[in-house]
Amino acid sequence: MADSKTGGAADAIDVAYVARLARLQLSTEEIETFQRQLNSIVDYFKAIREVDVDTVQPMAHAVRVQNIFRADEVRPGLDRELALANAPVHLDDQFSVPKIVE
Amino acid sequence: MAALTELTAVELLEQLRRRACSSEEAVKAMGAVIRRRDPAIKGYLEVDEEAALDQARSADAARARGESGSLLGLPLAFKDVLNLAGQPCTCGSRILAGYRAPTDAGAIARLRREGAVFLGRTNMDEFAMGSSTENSAYQVTHNPWNPDRVPGGSSGGSAAVVAAGEAWAALGTDTGGSIRQPAAFCGCVGMKPSYGRVSRSGLVAYASSLDQIGPMTRDVRDAALLLKALAGPDPMDSTALDLPVPDYMAALATELKGMRIGLPKEYFVGGSDADVERAVQEAIAVCRKLGAEAVEVSLPHTHLAVPTYYIIATAEASANLARFDGVRYGTRTKADVHDPIEMYAKTRAEGFGAEVKRRIILGTYVLSSGYHDAYYLRAQKIRSLIRDDFDRAFGTCDVIMAPVTPTAAFALGAAATDPLQMYLGDIFTVPVNLAGLCGLSVPCGMTTDRLPVGLQIIGPAFGEEQVFRAGYAYEQATQWRHQRPPIADRTDLQQG
């Protein structure tokens, strides 16, 4: 997998590999279409390399506030029944998933 | 008197206050308009008239008891990305078919406290990703001005129903232009509030550092009224800042003496269609006649805004949409699966549409090992440069004026094969989200093809008052707000 990540042209996006990282099963047709479309988008992204940003601070969000505090008090959370109401499968008041370990 | 359904929200509320009509009558009258027009527009995903009538009767009863609220009895449409307790919320996606919201979104709860009535859910690009509303898994919405054109997106359903007279006002969300661009395409008013002005709790997240909820209305005064009700802190969203909420309607005035309007030279370099450029220049001339002074400003990193936006937005989206895994909510694949990983991958493959898949892959790529610094971190740094550009510009002006979009509404199907081309149309709107500013779209003209053009008025963070003031003065000095699309019945046109 490490090879497929860096394989091909430098910095080219390997759609099949990235889709696996994103837990997204793609059809062969989708991989081909996305590969073509995303190649041109990633190529366009390279414009951001032309500026010198060595001394610039990254900005993660737009509010000029570092932190917000509130009193550490116990408050009711989402009711269990309500939380489970949207689950596609649930069992004994729990979310149910396919078996993880044999 | 104009037909009930043709009033602005402020006018309807005045009628309700004077008991000249009831909220129940208003909902019934709008229901009739929706049944007549929406089959051709397809702006609504669902209108639950019975539920709306129940709320309307409650509002009427509350008024009879002497209660008041700034929106008491006002019916509103809302983009299907907002949670209303007990209601579906599909986000235009198959993966959320059957989902019902457990609680109200923070912004919805505020509107409810003011007495608003909720009329129906509007169509949108899936998970708010798109500029045409064609990415909805459910239906294609048509531009009320021309059924072969897109309404814009992602809040295209909300813009279309307001423009077609099927709602007094609607809620939209704006991550990179999704309120302002459809408002411009459909010829209504759209306000993207400053980041931190409106709570995002219960808004299904696309890109958390960019998303904001805002009003889409028939005029600027209605947008001012609704933002006052929407804005303010929320214990469920620490980014909704606890800053005073001004009375935006009180800030409206009909002259602009002393206001300095910044015109970014990078926005007027011939990149827009001639009709758009002309309409915006004429709008600026009107504002100068109203007393404003125009000054040139520079936003030198404008050309990097679109790639920066698409890196940051898709990165955040890829993380936010990881929650759709077929476990806690949404659909789950019916296919035979051997382990949870396969279940996730198949569920997501079946549940998401093409544009959402593209953006998840793009976002995963720019965050992945080996590319994070080259793309995501670098984009975050350029985001700082873009914000610094605006900080400098607002040192010499009060608001910035620009087009909303380089073109008027494009043809249905035009964006389907070349996503990059569609992204490039976001050049004038995404910088506002990156920098956390507020931006208003106001109708400012028509193209030779009879499609609306939008004027964008950008203000500094939490500078909504001056943006509304400029927008209102301009709007009142011109007649564009009285233009009705062909879908609006001739009988409705006799009035107002």
Side-chain angles (χ1 to χ4, degrees), chain A residues 5-6 11 13-15 17-27 30 33-34 37-38 40-51 53-65 67-70 75 78-79 82-90 95-101, chain B residues 99-100 102-103 195-196 209 235 238-239 241 301 303-304 307-308 310-311 318 322 325-332 337-341 343-346 348-349 352 354 357-358 360-362 364-365 368 370-371 374-375 377-385 387 419-420 423 434-436 461:
Chain A
K5 188 180 82 190
T6 48
D11 291 357
I13 180 169
D14 179 344
V15 167
Y17 170 73
V18 178
R20 279 199 298 280
L21 293 180
R23 305 285 184 249
L24 206 50
Q25 189 176 80
L26 299 182
S27 67
E30 279 178 318
T33 309
F34 291 162
Q37 291 168 333
L38 294 176
S40 64
I41 292 166
V42 168
D43 198 48
Y44 172 69
F45 282 176
K46 288 177 184 154
I48 68 164
R49 294 186 184 176
E50 70 192 44
V51 274
V53 290
D54 285 352
T55 60
V56 180
Q57 286 298 310
M59 175 177 163
H61 60 80
V63 288
R64 291 178 209 240
V65 170
N67 219 336
I68 306 276
F69 294 98
R70 63 164 170 78
R75 287 183 295 186
L78 191 60
D79 173 78
L82 217 48
L84 286 169
N86 281 305
V89 189
H90 63 94
F95 295 116
S96 172
V97 292
K99 194 149 88 172
I100 295 170
V101 280
Chain B
Y99 170 86
R100 281 188 185 266
T103 55
Y195 188 81
S209 81
S238 60
T239 67
L241 298 183
H301 296 93
H303 65 294
L304 299 175
T308 300
Y310 277 95
I311 290 167
S318 73
D325 55 6
V327 175
R328 289 157 298 164
Y329 31 63
T331 57
R332 180 185 291 188
V337 291
H338 304 95
D339 56 54
I341 305 288
M343 189 274 283
Y344 303 150
K346 283 198 155 75
R348 291 157 63 79
F352 292 140
K357 289 177 183 173
R358 257 193 302 272
I360 288 173
I361 292 168
L362 207 46
T364 304
Y365 172 69
S368 63
Y371 300 108
Y375 290 109
L377 183 62
R378 189 165 258 272
Q380 286 188 307
K381 290 180 173 186
I382 295 173
R383 185 176 183 180
S384 292
L385 296 175
R387 181 177 65 183
L420 180 57
Y423 298 173
L434 288 169

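Chain letters run A, B, ... following the sequence lines, proteins first, then strands; residues in each count from 1. Just the heavy atoms: all of them, side chains too, but no hydrogens, waters or symmetry mates, feed the values below. The shown structure was predicted, so the numbers you read here are calculated from the model rather than taken from an experiment.
- Proximity to chain A (any heavy atom under 4.5 Å) is shown, for I311(B), by both the backbone and the side chain.
- At a 4.5 Å heavy-atom cutoff, A461(B) makes no contact with chain A through either its backbone or its side chain.
- For Q25(A), the side chain to side chain contact (heavy atoms under 4.5 Å, CB included) partners two or more places apart in sequence, or in a different chain, are A345(B), K346(B), A349(B).
- Of all the listed residues (R358(B), H303(B), H301(B)), the one sharing the greatest number of non-hydrogen pairs under 4.5 Å with chain A is R358(B).
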task: Take Y371(B) and I13(A) through the test side chain to side chain contact (heavy atoms under 4.5 Å, CB included) and record every step on the way to the result.
output: CA-CA 10 Å; Y371(B) 300 108; I13(A) 180 169; over 6 Å; no
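- Here the closest non-hydrogen pair linking P307(B) and I48(A) is CB-CG2, 3.8 Å.
- In this structure, chain A has heavy atoms under 4.5 Å from both the backbone and the side chain of R328(B).
- With respect to chain A, the highest number of heavy-atom pairs below 4.5 Å among P235(B), S238(B), A322(B) belongs to S238(B).
- When heavy atoms are compared at a cutoff of 4.5 Å, Y310(B) approaches chain A by way of both its backbone and its side chain.
- No donor-acceptor pair closer than 3.5 Å links the side chain of R23(A) to the backbone N or O of R348(B).
- Proximity to chain A involves both the backbone and the side chain of V327(B), based on heavy atoms less than 4.5 angstrom apart.
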- prompt: Hey, mind stepping through V18(A) and L362(B) against side chain to side chain contact (heavy atoms under 4.5 Å, CB included) and telling me if it holds?
  reply: CA-CA 8 Å; V18(A) 178; L362(B) 207 46; over 6 Å; no
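- There is no contact between D43(A) and chain B, counting heavy-atom distances below 4.5 Å.
- Contacts between V65(A) and chain B at a heavy-atom distance below 4.5 Å involve the side chain alone, from C-beta outward.
- A donor-acceptor contact shorter than 3.5 Å links the side chain of N86(A) to the backbone of R100(B).
- In terms of heavy-atom pairs under 4.5 Å with chain B, the best-connected choice from R70(A), R64(A), H90(A), K99(A) is R64(A).
- To the nearest 0.5 Å, the span separating CD1 on I361(B) from CD on Q37(A) amounts to 10.0 Å.
- Listed here is the closest heavy atom pair of G436(B) and A62(A): CA-CB, 3.5 Å.
- Counting heavy-atom pairs under 4.5 Å between each of L24(A), L38(A), I100(A) and chain B puts L24(A) at the top.
- The two residues Y329(B) and P88(A) have their closest heavy-atom pair at N-CD, 4.1 Å.
- Put simply, the side chain of R332(B) never gets that close to the backbone of V89(A): no donor and acceptor are under 3.5 Å apart.
- The closest donor-acceptor contact from the side chain of S384(B) to the backbone of Q57(A) lies under 3.5 Å.
- Counting heavy-atom pairs under 4.5 Å between each of G326(B), P340(B), P102(B) and chain A puts P340(B) at the top.
- A22(A) and I360(B) get closest at one heavy-atom pair: CB-CG2, 3.7 Å.
- For the atom pair CD1 (I382(B)) and CZ (R49(A)), the distance works out to 11.0 Å, reported to the nearest 0.5 Å.
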field: Step-by-step side chain to side chain contact (heavy atoms under 4.5 Å, CB included) determination, T239(B) to I68(A)
entry: CA-CA 8 Å; T239(B) 67; I68(A) 306 276; over 6 Å; no
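- Nearest heavy-atom pair across I41(A) and Y423(B) is CD1-CE1, 3.7 Å.
- Among R378(B), M343(B), H338(B), the residue with the largest count of heavy-atom pairs under 4.5 Å with chain A is R378(B).
- No part of S318(B) comes within reach of chain A, as not one of its non-hydrogen atoms sits under 4.5 angstrom from that chain.
- With a 4.5 Å cut-off on non-hydrogen atoms, A60(A) touches chain B through its backbone and its side chain both.
- With a 4.5 Å cut-off on non-hydrogen atoms, F45(A) touches chain B through its backbone and its side chain both.
- What you find for L21(A) and S368(B) is that their closest heavy atoms are CD1-CB, 4.2 Å.
- Between chain B and the options R75(A), E50(A), H61(A), the largest number of non-hydrogen pairs under 4.5 Å is found for H61(A).
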